[in-house]
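Only one structure is covered here, and it is reproduced in the block below.
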Amino acid sequence: MSLTRSVKILHVDDEPTFGDLVQTVLPRERDNFDVVTKTNPRDVLPYLDANDVDCVVSDYDMPQSNGLELLETVREEYPNLPFILFTGKGTEKVASKAISAGVTDYLQKERGQDQFKLLANRIENAVESNEHQQKVAEMNRRFEAVLETMSAAVFLKNANGRYLLVNDAFRDLFGMDSEKDITGITDEDLFPQERIEKYQGDDMQILQTGEMVETVEQVPTDTGIQTHLTRKSPVYDEHGEINAICGVTTDITEQKKREETIRTLKERFELAVEGANLGVWDWDMTTDAVEFNEQWATMLGYSIDDIEPTLDAWEQRVHPDDLPTVEDALEAHKNGETRYYDTEHRMRTASGEWKWIRDIGQIFERGEDGTPQRAVGIHIDIDDRKRAEQALKEERDLFTRGPVVVFRWKEREQWPVNYVSSNVTDVLGYQPEAFLSGEIRFADIIHEDDRTRVLTTWQQQEETTDSFFHDPYRIRTKGGDLRWVLSQTIELHNDGVSERIGYIIDITEQRKTEQQLDKYATTFSQLQNTTRELLRATEPDEAARVVIDSLETVFEFDVAGVWLSNESRTRLEPVAITNRGKRLVDETPTYSAETESLSWDAYVNQRTRKIDDMSVHEKRHNPQSPIQSELIFPLGEYGILNIGSETTSAFTTQDIERIEVWADTVTSALARLDQIQQLREREAELQRERDRLDEFASFVSHDLRNPLNIAYLRLELATKECDSPHLTDVQQALDRMDELTDDLLALAQQGNTIGETEPVHLEQFASQCWSNTEAGDARLEIQTDATVDADRSRLASMIENLFSNAVDHGGDDVTVTVGTLTHERGFYVADDGDGIPEGEDTRIFESGYSTDNESTGFGLAIVKQIADAHGWDICVTESETGGARFEITGVDCSPG
């Protein structure tokens, strides 16, 4: 790399002419060279003292002093200044002396311009080398200064493993004298053999990969075992090559002891946390990531896997009413206003309940600008304590702010009062002074119908106990209202004066609730009876009348009606109306899509309607109707239930909730009746079919079979009396008629119904059916292990007919295959015969159709009938071998 700055050169030569030549030519070679020539060597030191010179170029043979003497003089004052001997007296002896004297470079004067190019290069190299050496020396001085301030042992060694530099801490570690020269020593001089191989391997790894190597090892010393951490790193030269290794060895014995102490403390802390059931959180406030421990999660009924490690996981579970207070406390701690963050708040558990938690934490890490960065804290379950405190508070408040009034009265006639709690005004409306002045006595506020019973009971109890509770009774407030109360009294004896202190508790709302519950119980019992009546109904109209009766007697709604839909679901017709409803509405309407109405809208949209004011609805059916408010409940597809009132806003949300439950029951009952009706119609249809089949079977078995039997007898007699070739034809015709009769009878008797189905293993079943078939030399292949749900007897008839059909049309050597369909649920029966004639695949299932003159043509009709009875589909197609393939689909089957 060439120098770019100005280079100051002092040229010394006793020949002025040559000096001028050098001063002229060198700047031409390097435009940054500034050359000054001196002819007397004695002028050199003064010039160097007064000027910054980068390089001295000197002749050797000069009168006043030779070049080597000048070199020695300059080196004494400027030991690092580059000095080039540029001489015309070039001998090996001079060169040897120059090199021994430490000259930077040696160059012999020659003729021509090239010598100055060479001189310029030598000057430039000498100056660059000197600068580099100075920088390295400065860096080493700084490095050594830093090293000496470090307590860690630091060393530098070259790529060959020889130490170049160590600090005092390194010398102390190995017991080296401070004056000992470490240049050239290696690991062999410092460590035992078993550790040298490890260290040399580490060095090789650094030199090959450029990665730092870290080693922790136990080292025996005079004071005991120490733990040392050594980190070795690569050192690069100016070319980016690794030329050395720098190592730092630190005594981490105390650090390891601290870590062990911390680990022990952490284990103890975790044991303490677990034993005390403390939930711990660790919050990274820069990212809002939070680490929770297992107890934090289990305290709320979760596992740790259920909790997301974020601040949201905590924040979303804090009670909404408590969150503002919690956030204020947290903000105050962030701002440094409090030493700790400490709150008590509720948190939602996994079961949805709320649990009281004490949340304590502290920010222990802040940024340079004071911004909070990390906080830790704990959760303490204080639910039992908080609930106990709340119960205690409620008990205290019971006598001050609640419906409990404390009295003290004298045991005299009418019970005059000498103390009453201040809340008597809020609860009963009386001023305390009215009692204390004697204007009102306690007996005066007891309801007249209960007064005698209460006073008598108190007098009786006084004889047996000092403290007792009294049955509920009524008292009258200042405003004249009646309130139900419970009371307890305790007898006091003060200086011979008998007094009683006690309290009364307002239980009016409780009594109302009890009365409401009694009413609900009665309603529930009545609904149970009504539901039984509803389930006994056999017709929708009858069920509707039961519904109307229940609305009047159980729910006490006297204006109501039920509309049921027609079969096409296009019209709602009234079938049951309350008597009052009939009187209010002259003509009960029919609802449909043809006329706008709120009822038809509720039916179509299957939506409960609550109309508080009918007059504001344009869709109402009859604007003149006296009904002012209405409830409309859809009863599924079967109809609607309407409840009306002559006043606006007559119905409450509670009314809707009660009737909706009842409406669901009514809908289920109507659905049941609809199913019963469908079953009746289906049963009637099946019965008609059975009757027709029985009639036909009777005809086949009697009216056809009897003449056939007579014909057989006549043929037998004729055969005995004469020998005619026509008799054989008659025999064949009669056999044909007999086969037709049997097939017709089977077809009629089986019909389109099946018996109970069961799982049938197709592989075994097909083998059994094949053994029942006259197959001759035909062969069966089974390629299925499926199980089908079927009527075993009817399935046997189907498969045997398919087998017979294959043998009859395919010949004695036909191969029949039974397999499972891959594209649909079902199975197939295929053969390798001639197949179905083109265009005949749609006719083969017709009764009586056959391409074989000897067949009756009913076999495949029976197969089709059995498939239909099971709800299956059957079709015929060409098999892989060109024969017929019957595919039965829609079958409930499963792999074997």
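Computation of the quantities below employed the complete heavy-atom set of this structure, encompassing side-chain atoms and omitting hydrogens, waters and symmetry-equivalent molecules. Just so you know, residue 1 is the first one in the sequence shown, and it goes up from there.
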Would Tyr302 and Phe292 count as a close aromatic pair, with their ring centres under 6.0 Å? no
Any salt bridge linking Asp105 with Arg122? Criterion: basic side-chain nitrogen under 4.0 Å from a carboxylate oxygen. yes
On the 0 to 90° scale, with breaks at 30° and 60°, tag the Phe191-Phe174 ring pair as parallel, tilted or perpendicular. perpendicular
Is the shortest side-chain N to carboxylate O distance from Glu353 to Arg346 below 4.0 Å? no
Kindly indicate whether the side chain of Leu311, heavy atoms from C-beta on, has any atom under 4.5 Å from the side chain of Trp283. yes
Does Arg195, at its CZ atom, have more than 12 non-hydrogen atoms belonging to other residues, nucleotides or ligands within less than 6.0 Å? yes
May I ask you to say whether Lys38 pairs ionically with Asp13, meaning some side-chain N is under 4.0 Å from a carboxylate O? no
Heavy-atom count check: over 12 atoms from other residues, nucleotides or ligands less than 6.0 Å from Asp369 CG? yes
Are Lys198 and Asp203 ion-paired here, with the side-chain N under 4.0 Å from a carboxylate O? no
I'd like to know whether Gln226 forms a side-chain hydrogen bond (donor to acceptor under 3.5 Å, both in side chains) with Glu217, so could you lay out the CA-CA distance, the side-chain angles of the two residues, the decisive distance to 0.1 Å, and finally the verdict. CA-CA 8 Å; Gln226 292 183 352; Glu217 56 189 351; over 6 Å; no
Measure from NZ or CZ of Lys8 to the centre of the six-membered ring of Phe33, then state whether that distance is under 6.0 Å and the direction lies within 45° of the axis. no
Name of the residue among Asp59, Val44, Asn40, Val57 meeting side-chain contact (heavy atoms from CB on, under 4.5 Å) with Val12: Val44
Give a yes or no on this: more than 12 heavy atoms of other residues, nucleotides or ligands lie within 6.0 Å of atom NZ of Lys97. no
N/O donor-acceptor pair under 3.5 Å between Thr298 side chain and Gln295 backbone: yes
Would you say Ser303 and Asp305 are linked by a side-chain donor-acceptor pair, where the criterion is simply a distance under 3.5 Å? no
Could you tell me whether a side-chain N or O of Asn167 sits under 3.5 Å from a main-chain N or O of Phe170, the two making a donor and an acceptor? yes
side-chain hydrogen bond (donor to acceptor under 3.5 Å, both in side chains) for Trp281 and Asp359? Distances and angles first, verdict last. CA-CA 10 Å; Trp281 51 264; Asp359 196 358; 3.0 Å; yes
Hey, is Glu214 close enough to Lys232 for a salt bridge, meaning N to O under 4.0 Å? no
Taking CZ in Arg5 as the centre, count heavy atoms belonging to other residues, nucleotides or ligands within less than 6.0 Å. Is the count above 12? yes
pair Leu164-Phe155: side-chain heavy atoms closer than 4.5 Å: no
Which of Val216, Val213, Thr249 passes side-chain contact (heavy atoms from CB on, under 4.5 Å) with Thr230? Answer is Thr249
For Gly210 and Pro234, which heavy atoms make the closest approach, and how far apart are they? O-CG, 3.4 Å
Distance-only, no hydrogens or angles: does the Thr104 side chain make a donor-acceptor pair with backbone N or O of Phe83 under 3.5 Å? yes
Any carboxylate oxygen within less than 4.0 angstrom of a Lys/Arg side-chain nitrogen, looking at Arg385 and Glu344? yes
NZ/NE/NH1/NH2 to OD/OE distance under 4.0 Å, Arg358 and Asp381: no
Counting C-beta onward and ignoring hydrogens, is there a side-chain heavy-atom pair between Thr37 and Phe18 closer than 4.5 Å? no
Keeping the roles fixed (side chain from Arg171, backbone from Asp177), state whether a donor-acceptor pair exists under 3.5 Å. yes
Has Thr24 got a side-chain atom pairing as donor or acceptor with Asp20's backbone, closer than 3.5 angstrom? yes
Tyr163 and Asp187: side chain donor to acceptor below 3.5 Å: yes
Looking at side-chain heavy atoms only, is the closest gap between His319 and Leu323 below 4.5 Å? no
Do Arg75 side-chain atoms and Leu81 backbone N/O form a donor-acceptor pair below 3.5 Å? yes
Considering residues, nucleotides and ligands other than Met204, do more than 12 of their heavy atoms fall under 6.0 Å from its CE? no
Between His379 (side chain only) and Trp296 (backbone N and O only), is there a donor and an acceptor less than 3.5 Å apart? no
Test item: Arg162 and Ile185 side chains (from C-beta on) under 4.5 Å apart, heavy atoms: no
With distance as the sole test, does Thr253 use its side chain to make a donor-acceptor pair with the main-chain N or O of Thr227 at under 3.5 Å? yes
Can you confirm whether Glu72 is buried at CD, in the sense that more than 12 heavy atoms of other residues, nucleotides or ligands lie under 6.0 Å from that atom? no
Assess whether atom CD of Glu15 is packed by more than 12 heavy atoms of other residues, nucleotides or ligands within 6.0 Å. yes
A side-chain contact here means heavy atoms from C-beta on lying under 4.5 Å apart; do His11 and Gln23 qualify? no
Are Asn80 and Asn130 close enough that some pair of their side-chain heavy atoms sits under 4.5 Å apart? yes
Where the side chain of Arg317 meets the backbone of Asp312, is there a donor-acceptor pair that is under 3.5 Å apart? no
For the pair Thr343 (side chain) and His345 (backbone), establish whether a donor and an acceptor sit closer than 3.5 Å, ignoring hydrogens and angles. no
